[in-house]
> 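The structure that follows is given in the form of structure tokens.
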Amino acid sequence: MFDRLRRRSGPGDEPPIRPAQRQGKQPNLFEAAAAYIVACAENDPDRGAEAARWVSPEALSFGVNELACRAVVALAREHGTSPQAVARTLLGLPDA
């Protein structure tokens, strides 16, 4: 079900996300969350730790939660299934 998503998000597919502050802007919590999740998915703890420093732990937690919610809803729509079914599949849980 999620093979296409996995192929899209393979290592090296996207350039690394850099903090907005290097461009003279305040770091965006969603940018930090995206960079943190990509680093975790690619098993890159150094890049994950860097992204975690861009915003407060609370802001990062909020951004990661928002990213997870949006991803589950988008996948559910794409596959014509419920968000609950998508979440359980992604986590390797049996059907409810």
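Residue numbers run from 1 in the order of the sequence given.
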> Counting only heavy atoms not in Arg88, do more than 12 fall under 6.0 Å of its CZ?
yes

> Give me the atom names and distance for the closest heavy-atom approach of Tyr36 to Ala51.
N-CB, 3.7 Å

> For the atom pair CH2 (Trp54) and CG (Leu29), what is the distance rounded to the nearest 0.5 Å?
12.0 Å

> Which heavy atom of Ala76 sits nearest to which heavy atom of Ser82, and what is that distance?
CB-C, 3.7 Å

> When the side chains of residues 57-73 are checked against the rest of the protein, which donor-acceptor pairs come out under 3.5 Å, sequence neighbours left out?
| unit_1 | atom_1 | unit_2 | atom_2 | d |
| --- | --- | --- | --- | --- |
| Glu58 | OE1 | Ser56 | OG | 3.4 |
| Glu66 | OE2 | Arg70 | NE | 3.0 |
| Glu66 | OE2 | Arg70 | NH2 | 3.4 |

> I want to check something: taking the side chain as every heavy atom from C-beta on, are Val55 and Glu31 in contact at a cut-off of under 4.5 Å?
no

> First locate atom CG of Asp95, then atom OG1 of Thr89, and finally report the distance between them rounded to the nearest 0.5 Å.
6.5 Å

> If you group Ile, Leu, Val, Met, Phe, Trp and Tyr whenever their side-chain heavy atoms sit less than 4.5 Å apart, what else falls in with Leu93?
Leu91

